[in-house]
Amino acid sequence: AAVSVPIASLSDNFNAGTENPAIWNTASNAGSVVFTGGTVQSVTSTTAALYSSFQSLGTYNLTGGSLSEQLVSAGNQALVSLEVYVAKMQDTSGQNMLGFYLNQNQLSAMYMAGGSQDFAGNVAYSTSAHVYFRIRESAGTTYWETAPNGLAWAAFFSVANPIAVTSLFVQPLDAGT
């Protein structure tokens, strides 16, 4: 079995203009993932159920660490079917996850334990306040935090670790209709 490394060892600024094959595996359900100008874009459809995502090749240990990322655009939130997952992590079964969930301008902390999905801390999404997203673990608690600038983090939600956080794939972007 592969050994999970600390999440602090994962870093990519996406400036290469293509996926780093040593870190990521792009996988999509008919949508596509585009790397350009230091950003990653999910290309989906308004007329068909398409998801675009990419995932780390290996698993990471979130214990005592954090995953943070910037969301440049949440897409057309007027589309009822558009779902955007930010800073998503999941175990090998796909039945246990952590992340932020954005749909119809409503932002929630999302976690799934044993296939049962929960949404918490539901608030109106703000393009100025909710620019950076961080999920971190400390002393048996998982914290969801947001920031306008990547520095001044505000508490969004926290809960005793709802899942094991020692072996998680990272999915920085998972979006679709």
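On a predicted model such as this, the values are computed, not experimentally measured, just so you know.
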- Between Ser126 and Ser128, is any side-chain donor less than 3.5 angstrom from a side-chain acceptor? yes
- Are Tyr132 and Leu102 connected in the hydrophobic side-chain network, where two residues link if heavy atoms are under 4.5 Å apart? no
- Message: Keeping Gln77 on the side-chain end and Asn105 on the backbone end, is there a donor-acceptor pair under 3.5 Å?
- Response: yes
- Note on the structure: The reported gap from OG1 in Thr63 to CD1 in Ile7 (rounded to nearest 0.5 angstrom) is 10.0 Å
- Task: Would you kindly confirm whether Val5 and Val165 end up in one hydrophobic cluster when ILVMFWY residues are joined by side chain heavy atoms under 4.5 Å apart?
- Result: yes
- Message: Measuring from atom OG of Ser66 to atom CZ of Arg136, what distance do you get when rounded to the nearest 0.5 angstrom?
- Response: 8.0 Å
- Query: Rounded to the nearest 0.5 Å, how far does CG of Asn20 lie from OG of Ser56?
  - Reply: 12.0 Å
- Task: Decide yes or no for Gln171 and Met89: does some side-chain heavy atom of the first lie under 4.5 Å from some side-chain heavy atom of the second?
- Result: no
Atom pairs and distances, donor-acceptor, side-chain atoms in residues 149-163, under 3.5 Å, two or more places apart:
| from | atom 1 | to | atom 2 | distance (Å) |
| --- | --- | --- | --- | --- |
| Asn149 | OD1 | Leu151 | N | 2.8 |
| Asn149 | OD1 | Ala152 | N | 2.9 |
| Trp153 | NE1 | Gly150 | O | 3.4 |
| Asn161 | OD1 | Thr141 | N | 3.4 |
| Asn161 | OD1 | Thr142 | N | 3.1 |
| Asn161 | OD1 | Thr142 | OG1 | 2.7 |
| Asn161 | ND2 | Glu137 | OE2 | 3.0 |

- Item | Nearest-0.5 Å distance that lies between atom NZ in Lys88 and atom CE in Met97 | 4.5 Å
- Item | For the student: nearest non-hydrogen atoms of Phe169 and Thr92, plus distance | CE1-CG2, 3.5 Å
- May I ask you to decide if Thr166's main-chain N or O and Ser4's side chain share a donor-acceptor pair within less than 3.5 Å? yes
- Non-hydrogen side-chain atoms of Phe133 and Ser68 separated by less than 4.5 Å: no
- Task: Give a yes or no on whether the backbone of Leu168 and the side-chain of Thr59 come within a donor-acceptor separation of less than 3.5 Å.
- Result: no
- Honestly curious: do Leu79 and Leu71 fall in one hydrophobic cluster under the side-chain, below-4.5 Å linking rule? yes
- Query: Of the non-hydrogen atoms in Trp144 and Met110, which two are nearest, and what is the gap between them?
  - Reply: CZ2-O, 3.6 Å
Determine all donor-acceptor pairs shorter than 3.5 Å in which one atom belongs to a side chain in residues 113-124; sequence neighbours excluded.
| from | atom 1 | to | atom 2 | distance (Å) |
| --- | --- | --- | --- | --- |
| Asn122 | OD1 | Ser108 | OG | 3.1 |
| Asn122 | ND2 | Gln106 | OE1 | 3.3 |

- Query: Distance-only, no hydrogens or angles: does the Asn103 side chain make a donor-acceptor pair with backbone N or O of Leu82 under 3.5 Å?
  - Reply: yes
- Query: Are Ile23 and Val86 in one and the same hydrophobic cluster, where Ile, Leu, Val, Met, Phe, Trp and Tyr link if side-chain heavy atoms are under 4.5 Å apart?
  - Reply: yes
- Query: Is Val84 reachable from Val131 through a run of I, L, V, M, F, W or Y residues, each pair having side-chain heavy atoms under 4.5 Å apart?
  - Reply: no
- Message: Contact between Thr146 and Phe100 at the side-chain level, heavy atoms closer than 4.5 Å - yes or no?
- Response: yes
- Item | Atom pair OG1 (Thr127) and OH (Tyr125), whose distance is rounded to the nearest 0.5 Å | 6.0 Å
- Item | Side-chain heavy atoms of Gln55 within contact of Gln90, under 4.5 Å | yes
- Query: What are the two closest non-hydrogen atoms of Ser9 and Tyr60, and how far apart are they?
  - Reply: OG-CE2, 3.8 Å
